[in-house]
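Written out below as structure tokens is the structure these notes cover.
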Amino acid sequence: MVEVNFIVTGFGPFQGVTENPTSMIVNNLIDYLCKEGLSSLASSIRTLPIIQTTADDARTQIDRLEKEICEERQRDDSIVYVLLHLGVNVEGESFQLETCAYNEASFRIPDEMGFQPSNLPISKGAATGSQLFTTLDVPELVESMNRTCGDAVASSDPGRFVCNYTYYCSLDKCCNQKAECLFLHVPPLSRASLPKQLHFVANLLQSIDEQVQRTHGQPS
């Protein structure tokens, strides 16, 4: 069995969203898993300080993650790291599993530091608008989630705001450390309660773990 370490991130408030459900998911996830009898899964997860909804903090947090994973892999390169980034789509009605991110920052509103780029590349080493894709099998995960939870869709458009910025940085940096990476857009709390969102994320983590076990080693 492969050892899988999950790293789960969420965002703080931003314009129009005073309560970001992803902060609430991250802050309650470990307790939820333990109460659901999933202590083993809970023990494989670490959550990060909530990312401020700014390009600067997103890059800082991802750079720090890359460094930590690199140092840990030097001690033990058998661990598979999975980064699950959570963001909210304020107009969403489903749980969107994002297949890719774009090398473009075109913020429809300023981030929380007042930064509002237009058609700016996130990485100068790639063409503006070019894509990076997760190596996880998103269609398989969507099918699995619709069997257990429903309301899951694959998406190829994570926007061009801080969510996409974070996802692109993560795919660009952390995949250099052989880490898997996925971005999940959740709907607002008005469309999916916190218990439903926690239930979805818990099942998604289990589905990812099963897929990683199958693709990186022996089935669990």
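Counting begins at 1 with the first residue of the sequence. Keep in mind that what you see is a predicted model, and the values were worked out from it rather than measured.
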Q | Full working for side-chain contact (heavy atoms from CB on, under 4.5 Å) between Thr134 and Glu98 | A | CA-CA 8 Å; Thr134 179; Glu98 303 292 349; over 6 Å; no

**Q.** Side chains of Ile7 and Val82 in contact at under 4.5 Å (non-hydrogen atoms)
**A.** no

**Q.** Residue pair Ser130, Tyr168: steps toward the side-chain contact (heavy atoms from CB on, under 4.5 Å) verdict
**A.** CA-CA 10 Å; Ser130 58; Tyr168 190 91; 4.2 Å; yes

Q | Pairing of Arg75 and Glu71 as salt bridge, 4.0 angstrom limit | A | no

Q: Side-chain contact test, heavy atoms from C-beta onward, threshold under 4.5 Å: evaluate it for Phe14 versus Val90 and give yes or no.
A: yes

Q | hydrophobic_cluster_shared for Phe11 and Val26, side chain cutoff 4.5 Å | A | yes

Q. Can Asp151 and Lys196 be counted as an ion pair, charged N to O under 4.0 angstrom?
A. yes

Q: Hey, could you give me the NE2/CG distance between His199 and Asn203, rounded to the nearest 0.5 Å?
A: 4.5 Å

Q | Salt bridge Glu140-Arg214, side-chain N to carboxylate O under 4.0 Å | A | yes

**Q.** For the student: nearest non-hydrogen atoms of Val80 and Glu180, plus distance
**A.** CG1-CG, 4.3 Å

Q) So, Asp111 side chain and Ala55 main chain: donor-acceptor pair closer than 3.5 Å or not? A) yes

Q. Which heavy atom in Val4 sits nearest to a heavy atom in Asp209, and how many Å separate them?
A. CG2-OD1, 3.5 Å

(Q) Tell me whether Glu93 contacts the main-chain N or O of Arg191 through its side chain, where contact means a donor paired with an acceptor under 3.5 Å. (A) no

Q) Parallel, tilted or perpendicular for Phe115 and Phe107, by the 30°/60° rule? A) perpendicular

Q. Out of curiosity, Lys173 NZ to Asp63 CG, how far, rounded to the nearest 0.5 Å?
A. 4.5 Å

Q.
Donor-acceptor pair, distance only, cut-off 3.5 Å: does the side chain of Gln96 make one with the backbone of Asp157?
A. no

Q. Under 4.5 Å between any side-chain heavy atoms of Leu136 and Val212, yes or no?
A. yes

Q.
Between Gln116 (side chain only) and Arg108 (backbone N and O only), is there a donor and an acceptor less than 3.5 Å apart?
A. yes

Q | Shared hydrophobic cluster, Leu86 / Ile62 (ILVMFWY, side-chain heavy atoms < 4.5 Å) | A | no

Q. Where the side chain of Asp77 meets the backbone of Arg73, is there a donor-acceptor pair that is under 3.5 Å apart?
A. no

(Q) Rounded to the nearest 0.5 Å, what separates atom CZ in Arg64 from atom CG in Asp57? (A) 9.0 Å

Q.
Is the ring pair Tyr167/His85 parallel, tilted or perpendicular, if the boundaries are 30 and 60 degrees?
A. perpendicular

Q | CA sep, side-chain torsions, deciding dist, call: Thr22, Asn20, side-chain hydrogen bond (donor to acceptor under 3.5 Å, both in side chains) | A | CA-CA 5 Å; Thr22 65; Asn20 195 318; 2.7 Å; yes

(Q) Run Thr148 and Phe200 through side-chain contact (heavy atoms from CB on, under 4.5 Å) and show every step you take. (A) CA-CA 8 Å; Thr148 57; Phe200 188 97; over 6 Å; no

Q. If only atom types and distance count, is the side chain of Ser170 paired as donor or acceptor with the main-chain N or O of Thr166 below 3.5 Å?
A. no

(Q) Please check this pair: side chain of Ser123 against backbone of Gly125, looking for a donor-acceptor N/O pair closer than 3.5 Å. (A) yes

Q: Taking the side chain as every heavy atom from C-beta outward, state whether Leu198 and Pro195 have any atom pair closer than 4.5 Å.
A: no

Q: Quick one: closest heavy-atom pair of Gln61 and Ile50, and the distance?
A: NE2-O, 4.5 Å

(Q) Can you see whether Asp76 engages Ser78 through a side-chain donor-acceptor pair at a distance of less than 3.5 angstrom? (A) yes

Q. Any side-chain heavy-atom pair from Val88 and His185 closer than 4.5 angstrom?
A. no

(Q) Measuring only between side-chain heavy atoms, which start at C-beta, is Leu141 closer than 4.5 Å to Ile208? (A) yes

(Q) Nearest 0.5 angstrom please: Ser94 OG to Met145 CE, how far? (A) 12.0 Å

Q: Tell me, please, whether Phe6 has Arg46 positioned over its six-membered ring: NZ or CZ under 6.0 Å from the ring centre and within 45 degrees of its axis?
A: no

Q) Under the side-chain contact (heavy atoms from CB on, under 4.5 Å) criterion, do Leu29 and Leu205 qualify, and how do the steps go? A) CA-CA 11 Å; Leu29 182 59; Leu205 290 168; 4.0 Å; yes

Q. With the 4.5 Å side-chain cut-off for hydrophobic clustering, are Leu38 and Leu194 part of the same group?
A. yes

Q | Over all atoms of both residues, closest heavy-atom pair of Gln15 and Pro110 | A | OE1-CD, 4.2 Å

Q. When hydrophobic residues are tied together by side-chain contacts of less than 4.5 Å, even through go-betweens, does Tyr165 share a cluster with Ile109?
A. yes

Q: Locate the shortest heavy-atom distance separating Ser156 from Cys100; write the atom from each residue and the value.
A: O-SG, 3.7 Å

**Q.** In one Ile/Leu/Val/Met/Phe/Trp/Tyr side-chain cluster, 4.5 Å: Leu83, Val201
**A.** no

Q: Could you grab the distance from atom CG of Leu33 to atom OG of Ser39, nearest 0.5 Å is fine?
A: 8.5 Å

Q | side-chain hydrogen bond (donor to acceptor under 3.5 Å, both in side chains) assessment of Asn103 paired with Gln131 | A | CA-CA 6 Å; Asn103 187 32; Gln131 296 165 276; over 6 Å; no

Q) Taking atom OG1 of Thr135 and atom NZ of Lys178, what is their separation to the nearest 0.5 Å? A) 12.5 Å

Q) Is Phe161 close to Thr53 at the side-chain level, that is, under 4.5 Å between some pair of heavy atoms? A) yes

Q: Using the ring of Tyr102 (Phe, Tyr or Trp, six-membered ring only), decide whether Arg160 places NZ or CZ under 6.0 Å from its centre and within 45 degrees of its axis.
A: yes

Q | Validation row: Thr54, Val162 side chains within 4.5 angstrom (heavy atoms) | A | no

Q | Ser106 versus Glu104, side-chain donor and acceptor atoms under 3.5 Å | A | yes

Q.
If you compare all heavy atoms of Glu72 against all heavy atoms of Tyr81, which two are closest, and at what distance to 0.1 Å?
A. OE1-OH, 2.7 Å

